[in-house]
Amino acid sequence: MEKIKKIPKTYIFLILAVISALLYPFSKILFIITGLSAVIFTINKPYNLFFALVFIVIHLTINSYFIVVDTVEYEKINSVQFGSGKCYINKNIKISPGNILFGNFYIDKEKSKPFFKPVYTYDGKLSVFQAPVISKILQFRSDMSNYLFYSSGGKITVAQALILGDKKFISDNLKDAYTISGLFHLLSMSGSHVAIVTAIFLSVLFFLPLKIRFIAASCGALFLIMLGGFNITVIRASIFAAIIMMAYVFDLKVNSKKFILFIAGLFLLVSPASINNISFLMSFGAVFGIIYMMKSGYGIIKTAIITGTAATLITAPLSMYVFGTTNHLSILSTMIVSPVIYLHILFAIFALIAPNTAAAPLLIIENISNNMVYFIAKITYFSFIFKTIPFYIMAFTIFFTVWTLFMTGRKKILSLLSLLIIFYPAEKPPKYIFPEISPQDKGFIVFSNNKKEIFYQGSEARFRYNFMPTAAKYGVKVFDYGSITVFGGKNNYIKIKNIGKDNFTNLCLNEYNKKCSYFYHTRSNSIKNNDIHDNITHIIWKNNISDKSIIEISKYGSFYVK
C-alpha cells in the first residue's frame with residue numbers, strides 16, 4: 001500500500017485516463033466512472049470538483065455538434081470534414097466550411113478504420129448554424145492555399161501543407177518520396193511544425209527580451225490552430241507549447257516530463273477516441289521520447305541526433321503496424337532537411353502577410369526542398385522497410401521503449417534496442433494471394449518456384465491503402481516479375497525486375513493456356529459454361545454462373561492458396 005502511495009499522481013491520472021478511453025467503446029457509464037475517478041482522486045481539492053463538472057458537461061455534449069472544416073462533393077453525398085473526423089451527409093443539406101452542425105452523432109464502426117480519424121454518422125435531423133468568424137478564417141485559409149498554387153503556375157504545392165495543413169496540391173510522386181524517405185511527418189501539421197514556428201518567432205525576434213519572445217511564440221503557436229483548420233493534432237501540440245512557454249513567462253516551475261503525461265491523459269478524457277487515433281499516438285509518442293531522452297546542455301548536433309532517434313523509437317513500431325512502412329535513416333534525413341523546412345515555413349508565413357513579395361523566394365526554397373526529398377528517397381530506398389508487424393510485437397516494443405525511457409542515466413540507451421524491430425521476420429507467404437480490393441480494382445501476388453510475382457491494376461487510393469498493406473505483410477518490396485498500373489498515379493514503392501503481365505507462374509490473366517491451374521479475370525461476369533474445367537480454378541470479383549471451380553471475391557473475400 002505504501003508503494004502505491006508513492007506513485008506520482010500524474011502516472012495514476014494517465015493510467016486511469018487510458019483505462020477510461022479503452023472502456024469508452026464498450027460502456028459509456030464505466031468510461032465516465034473511471035474518468036471521474038482520474039479527476040477526483042488525482043487533482044487537488046477543490047479544483048477536482050470543478051474539473052469533474054467540466055468532464056461531465058463535455059461528455060453530455062461531445063457528440064452533439066461539430067465544426068465543418070471542409071466539404072468534398074460526391075455524386076449523391078458530401079464528405080464533411082471535421083477537425084477530428086468526417087461524416088457523409090446528403091447533398092440536399094447545404095453545408096459549407098464554418099458551419100456548426102448539431103445532431104446526435106456517433107462513430108460508424110464499419111466505415112471507420114482503426115488508427116485513423118473516425119467516420120461519424122447521425123440519427124434524425126441535423127441543425128445547421130453559421131459561425132461567421134470561423135467561416136472567414138477557413139475561407140482565408142482556402143483562398144491563400146489557392147492563391148499560392150495558382151499565382152505560381154501550380155509550382156507551389158508544399159507550403160500549403162506546412163502552414164495550412166492543405167495537401168491537396170501535392171503530387172502523388174512527391175508524397176511517395178516523403179513516405180519512402182521517412183519524412184512524411186513533415187507534411188502533416190503536428191508538433192514538429194509547432195516547434196519550428198516557435199523557433200522562428202524566437203529567432204526572428206532575437207532583439208526582444210526572452211519573455212516577450214515567448215509571449216509572441218505562444219501567440220504564434222495558438223494562431224497556427226486557426227491556420228491548420230482546427231486540426232486536433234495542431235490543437236494538442238499548440239496548447240502544450242503555449243502552456244510551457246507561458247509557465248516560463250510567469251516564472252512557474254513545470255516538470256515537462258510529468259506535464260506531457262498529464263496533457264496526454266487530459267486529451268484522452270476529453271476525446272477518448274484518440275486512443276485509437278494514429279496521429280495522436282505518433283505525435284504524443286514522439287514528444288514523449290524526446291522529453292524523456294533529452295537533457296539540457298546538449299549542442300545543436302547532439303540535440304538533433306537525439307531528437308530524431310527519440311521520435312523514431314515509438315513512431316517506427318506504430319508505423320510498421322498501421323502502414324507497413326518505416327525508414328530508420330529518417331533520423332539523419334530529418335537533420336538534413338530540417339533547416340530547409342525551417343526556411344520553407346518562414347517564407348510561407350511571409351507569403352501570408354505579403355504574398356507578392358514572398359512568392360518568388362518561397363518558390364526557390366520549395367524547389368530546393370522538393371529536390372532534396374526526391375534525392376534522399378532515391379539514395380535511402382535500400383533502408384526503406386516495407387513490412388508489417390503483428391499487434392502484440394508493436395505493443396511489446398512500445399512498452400519496452402517506455403520502460404527504458406523511465407530509467408535513469410545510461411540505462412536509457414537500452415531503448416535503442418527498439419530500433420531492431422525492423423529485423424522482425426515477416427509472415428511466411430502463401431503461394432497465391434487474391435486480395436479483396438474493390439469491383440473496379442484488381443490485383444494478386446504469387447510466391448512459387450522461388451519467384452515473386454505481382455499484378456495490380458486500379459486506383460491510386462486502393463493501391464496505397466488496400467493493396468500495399470497486403471504486400472507489406474510478407475516484407476517483399478522487390479519482385480521478380482509483374483505489372484503495376486496505378487490510374488492517376490505511379491508506383492514508387494514496389495520494384496519489379498522484369499515488367500510484363502502475360503507470363504505468370506501457373507496462372508493465366510484473362511487468357512487461357514494449358515499450363516495454368518488458376519485463371520484470374522479482371523472483368524466480372526466473364527466466365528461462361530464452356531470455360532469451366534475440372535483442372536482450372538477461376539478467380540473473379542463476381543459472376544452470374546456459379547460452380548465449385550469459381551471463386552467469387554465479392555462473396556468469399558480475400559482468397560489464399562497455401
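Residue numbers count from 1 along this sequence. The basis for the numbers below is simple: all heavy atoms, side chains too, and nothing from hydrogens, waters or symmetry mates.
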| So do Ile422 and Met320 actually touch side chain to side chain, heavy atoms under 4.5 Å? | yes

Exercise. Would the number of heavy atoms belonging to other residues, nucleotides or ligands and lying under 6.0 Å from NZ of Lys411 be above 12?
Worked result: no

> Do other residues, nucleotides or ligands put more than 12 heavy atoms under 6.0 Å from Phe396 CZ?
Replying inline: no

Q.
With heavy-atom distances below 4.5 Å as the criterion, would you say the side chains of Tyr248 and Met245 are in contact?
A. no

| message | Any heavy-atom pair between the side chains of Leu227 and Arg141 that's under 4.5 Å? | response | no

(message) Applying side-chain contact (heavy atoms from CB on, under 4.5 Å) to Tyr374 and Asp176, what does each step give before you reach the verdict?
(response) CA-CA 9 Å; Tyr374 279 124; Asp176 292 348; over 6 Å; no

Tightest non-hydrogen contact, residues Asp172 and Gly488, listed as OD2-O, 3.3 Å

For this session: Using a 4.5 Å cut-off on heavy atoms from C-beta on, say whether the side chain of Lys495 contacts that of Lys477.
Result: no

- Query: Given the rule in the side-chain contact (heavy atoms from CB on, under 4.5 Å) test, do Ile107 and Val119 qualify, once you have shown the distances and angles that lead to the verdict?
  - Reply: CA-CA 6 Å; Ile107 295 175; Val119 177; over 6 Å; no

task = Look only at the side chain of Ser319 and the backbone of Ala316, and say whether a donor-acceptor pair between them is shorter than 3.5 Å.
result = no

Ala351 and Leu148 have their tightest heavy-atom pair at CB-CD2, 3.8 Å

State, yes or no, whether a side-chain contact exists between Phe267 and Phe240 at a heavy-atom distance under 4.5 Å.
no

>> Check the orientation of Trp403 and Phe400. Use parallel for under 30°, tilted for 30 to 60°, and perpendicular for over 60°.
In response: tilted

| Do the side chain of Ser238 and the main chain of Ile235 share a donor and acceptor less than 3.5 angstrom apart? | no

Note to self: So does Ser415 get a backbone contact from the side chain of Thr401, meaning a donor-acceptor N/O pair under 3.5 Å?
What the structure shows: no

Rounded to the nearest 0.5 Å, the CD1 atom of Ile215 sits from the CE atom of Met246 at a distance of 5.0 Å

Residue pair Tyr292 / Ile260, side-chain heavy-atom distance below 4.5 Å: yes

**Prompt:** Around Phe399, counting heavy atoms of other residues, nucleotides and ligands shown, do more than 12 lie under 6.0 Å from its CZ?
**Reply:** no

message: Within the 3.5 Å criterion, strictly below it, is a donor on Thr71 or Glu73 matched to an acceptor on the partner's side chain?
response: no

Worksheet entry | Aromatic ring proximity Phe51/Tyr47, centre distance under 6.0 Å | no

Point to revise | Phe184 and Phe323 aromatic centres sub-6.0 Å | key: no

### Query
Any donor and acceptor pair, going by atom type alone, linking the side chain of His328 with main-chain N or O of Leu419 inside 3.5 Å?
yes

Q) Hey, are the side chains of Thr325 and Ile385 touching, using non-hydrogen atoms and a 4.5 Å cut-off? A) no

### Heavy-atom side-chain proximity of Ile364 to Asn367 below 4.5 angstrom
no

Rounding to 0.5 Å, atoms CD1 (Ile379) and OG (Ser181) come to a distance of 10.0 Å

Rounded to the nearest 0.5 Å, the CD1 atom of Ile421 sits from the CG atom of Leu313 at a distance of 12.0 Å

On a heavy-atom basis, the closest approach of Leu362 and Ala348 is CD1-N, 3.8 Å

**Report entry** Other residues, nucleotides, ligands: >12 heavy atoms within 6.0 Å of Lys155 NZ
**Finding:** no

For the pair Asn327 (side chain) and Ile180 (backbone), establish whether a donor and an acceptor sit closer than 3.5 Å, ignoring hydrogens and angles. yes

In terms of heavy-atom contacts, Phe82 and Cys87 come closest through CE1-CB, 3.7 Å

d(Gln160 CD, Glu366 CD) to nearest 0.5 Å is 6.5 Å

Margin query: Once you measure the plane-to-plane angle for Tyr24 and His59, does it fall in the parallel (<30°), tilted (30-60°) or perpendicular (>60°) bin?
Written below: tilted

- Query: Is the backbone of Met407 close enough, under 3.5 Å, to the side chain of Lys412 for a donor and an acceptor to pair up by distance?
  - Reply: yes

Practice problem: Give a yes or no on whether the backbone of Lys168 and the side-chain of Asp166 come within a donor-acceptor separation of less than 3.5 Å. | Solution: yes

Checklist entry - What do the steps show when you test Val197 against Val194 for side-chain contact (heavy atoms from CB on, under 4.5 Å), and what is the final call? => result CA-CA 5 Å; Val197 168; Val194 174; 5.8 Å; no

Closest non-hydrogen contact found for Tyr493 with Arg464 is OH-NH1, 3.1 Å

Review point. Would the number of heavy atoms belonging to other residues, nucleotides or ligands and lying under 6.0 Å from NZ of Lys211 be above 12?
Key: yes

When rounded to the nearest 0.5 Å, the distance separating CD1 of Ile345 from CD1 of Ile200 is 5.5 Å

dist Phe262:CZ -> Lys258:NZ (nearest 0.5 Å) comes out at 13.0 Å

Of all heavy-atom pairs linking Thr312 and Pro317, the shortest is O-CD, 4.1 Å

_Ring centre gap for Phe66 and Tyr120 strictly below 6.0 Å_ = yes

Whether Asn99 side chain and Ser96 backbone form a donor-acceptor pair below 3.5 Å: yes

Look only at the side chain of Thr380 and the backbone of Ser383, and say whether a donor-acceptor pair between them is shorter than 3.5 Å.
no

Greater than 12 external heavy atoms within 6.0 Å of Phe206's CZ: no

Let's go through Leu202 and Phe214 carefully: what are the C-alpha distance in whole Å and the side-chain angles of both, what is the deciding distance for side-chain contact (heavy atoms from CB on, under 4.5 Å) to 0.1 Å, and is it a yes or a no?
CA-CA 7 Å; Leu202 294 177; Phe214 272 129; 4.0 Å; yes

